[in-house]
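Numbered from 1 within each chain, the chains take letters A, B, ... in sequence-line order. Side chains are part of it too, since the values below use all heavy atoms of this structure and drop only hydrogens, waters and symmetry mates.
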Protein chains: 2
Amino acid sequence: MTGRRGRPPKSADSGLSRERILKEALALVDEEGLAAVSMRKLARRLGVDPMSLYNHVDGKDALLDGIAEVLLAAIPAPAPGTGLRETMSALARGFRAAMLGHPRAAPLVLTRQLASMTALAPVEAVLGPLLAAGYPPDRAVHGLRAVLAFLIGTLMREVDAAPTFSSTGDLGRLADLSASGLPAVAEAAPHLAVCDHEAEFEFGLGILLDALAP
Amino acid sequence: MTGRRGRPPKSADSGLSRERILKEALALVDEEGLAAVSMRKLARRLGVDPMSLYNHVDGKDALLDGIAEVLLAAIPAPAPGTGLRETMSALARGFRAAMLGHPRAAPLVLTRQLASMTALAPVEAVLGPLLAAGYPPDRAVHGLRAVLAFLIGTLMREVDAAPTFSSTGDLGRLADLSASGLPAVAEAAPHLAVCDHEAEFEFGLGILLDALAP
DNA sequence: ACCTGAACACCGTTCAAGT
DNA sequence: ACCTGAACACCGTTCAAGT
């Protein structure tokens, strides 16, 4: 019984691991934003040679996918056995909360093609009640995707990564809108110049859930 | 009358202009994708020193914003005077068509914070009929934003920039889904493994328009 | 007013070498 | 198995110089 299971401490055991790398990468994104992420800077933060990262992660793109999966994994599974509407609503809220917890990293989830199976648990949680409610599988998938599209679109805006087509709340903007010469824009200017994300989210989600789970 | 309006051909008149730069940049994105865009490569294609671009464009980020505005400007204004539902539906289709015409550039529109007034024309076109139909301004803006969020989310998926949470149509995937051990996922696997974008778009848009413009 | 080229401070990744 | 550092082929942008 030598302990250590055949892993002699030898020399440069830096304690690096995929998990530690992803955690530090997420912290870096939270602090400095996506544009600031580089393999070299991340290595510096970990006190390690840049090339060491490649022993645990497949390159920069795989690193970003990894961060996305960490975020995705934070979505809580809804309590089983509750009704269709409650389940869908809880999942949507969980998704939103997970993204708003890391707004600068959220675009990684919202804009990347993720191959992972990580996200299948939420899919199951939505699809189950839809099928149980009598939806034929193809319509259930349509419904799932419609809600997902709305979620992605709203969250991109909340996270400041999507076009508002009108404003972000600064004051000069209100004047611009009023003076645009477009009558409807001018009339709605006070509302275009602000965005209550919470209300926006509830409004859209309400429409979709009314249609899918009345 | 000297003609030439005080612009002597002098020397290195390269014929560069903001318009020519943006056009070539869009072509570059169409051909090689967003990741391949660099000031230096773009300059090479234009037969010009990289730094010359900075006389017409404010840097790489402004260049990307410029491309996005070119795309946005391609959305046709809907015929005025038609009904609420027709107007919203036409605009949604026009937006979608403009993005699908340049799928690799579309993320620039869908994921960037655009300060431009370029997009106010479509906003006016939607808001006008909503207000005329008796919507109070705040609810009209809610409706506008809900549709926009759905559009952004669906288009991100169509353009392969968003997570599907299940698949992209390859065949190994279907097997994975069926064998996932998740009963609802397995039952819906054939539908999760494919995505008829047209049908998906109509389904979601239909729900929203039914709620907003019945 | 517009164009140029050298220079600076960065990148991601390959490869050969170490332990 | 994991870590290192030199090297390669790139980046965006500043600045001084040209016309």
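- The A/Asn55 side chain lies nearest to D/dC3 when the options are D/dC11, D/dC3, C/dC11.
- Between the side chain of A/Arg145 and the backbone N or O of B/Thr154 there is no donor-acceptor pair closer than 3.5 Å.
- Rounded to whole Å, atom C1' of C/dT14 lies 10 Å from atom OH of A/Tyr54.
- The CG-P distance, from A/Asp49 to C/dA17, rounds to 17 Å in whole Å.
- Atom-to-atom, CG of B/Leu42 to P of D/dC10 comes out at 16 Å; the value is rounded to the nearest Å.
- Annotation: D/dA9 and C/dA9 have their P atoms spaced 22 Å apart (nearest Å).
- When distances run from any side-chain atom of A/Met51 to the nucleotides C/dT4, C/dG12, C/dT14, the shortest one goes to C/dT14.
- For the pair A/Arg44 CZ and D/dT4 P, the interatomic distance rounds to 15 Å; values are reported in whole Å.
- Remark: B/Arg96 engages B/Glu198 in a salt bridge, criterion side-chain N to carboxylate O under 4.0 Å.
- Note on A/Met39: only backbone sugar-phosphate atoms sit closer than 4.0 angstrom, heavy atoms only; bases stay farther off.
- Spacing between atom CZ of A/Arg18 and atom P of D/dC2 amounts to 14 Å, rounded to whole angstrom units.
- Stems are defined here as 3 or more consecutive Watson-Crick or G-U wobble pairs with pairing distances under 3.5 Å; those involving DNA chain C are C:4-8 with D:12-16, C:12-16 with D:4-8.
- In this structure, the side chain of A/Arg20 engages the main chain of A/Gly15 through a donor-acceptor pair within 3.5 Å.
- Residue-environment remark: CD (A/Glu202) exceeds the threshold of 12 foreign heavy atoms within 6.0 Å.
- Out of D/dT13, D/dT4, C/dC3, the shortest distance to the side chain of B/His56 is found at C/dC3.
- Between B/Glu32 and B/Lys41, at least one side-chain nitrogen of the basic residue sits less than 4.0 Å from a carboxylate oxygen of the acidic one, meeting the salt-bridge criterion.
- We find that NZ of A/Lys60 is positioned 18 Å from C1' of C/dT14, with the value rounded to whole Å.
- Put simply, CG on B/Asp58 is 14 Å from P on C/dC2, counting in whole angstrom units.
- Using a 4.0 Å heavy-atom cutoff across all strands shown, A/Ser38 reaches sugar-phosphate atoms only and no base atom.
- Distance CZ (A/Arg40) to C1' (D/dC8): 11 Å, rounded to an integer number of Å.
- A donor atom on one side chain and an acceptor atom on the other are not found under 3.5 Å apart for B/Asp138 and A/His191.
- With a 6.0 Å radius and a threshold of 12 heavy atoms from other residues, nucleotides or ligands, A/Arg112 has its CZ atom above the threshold.
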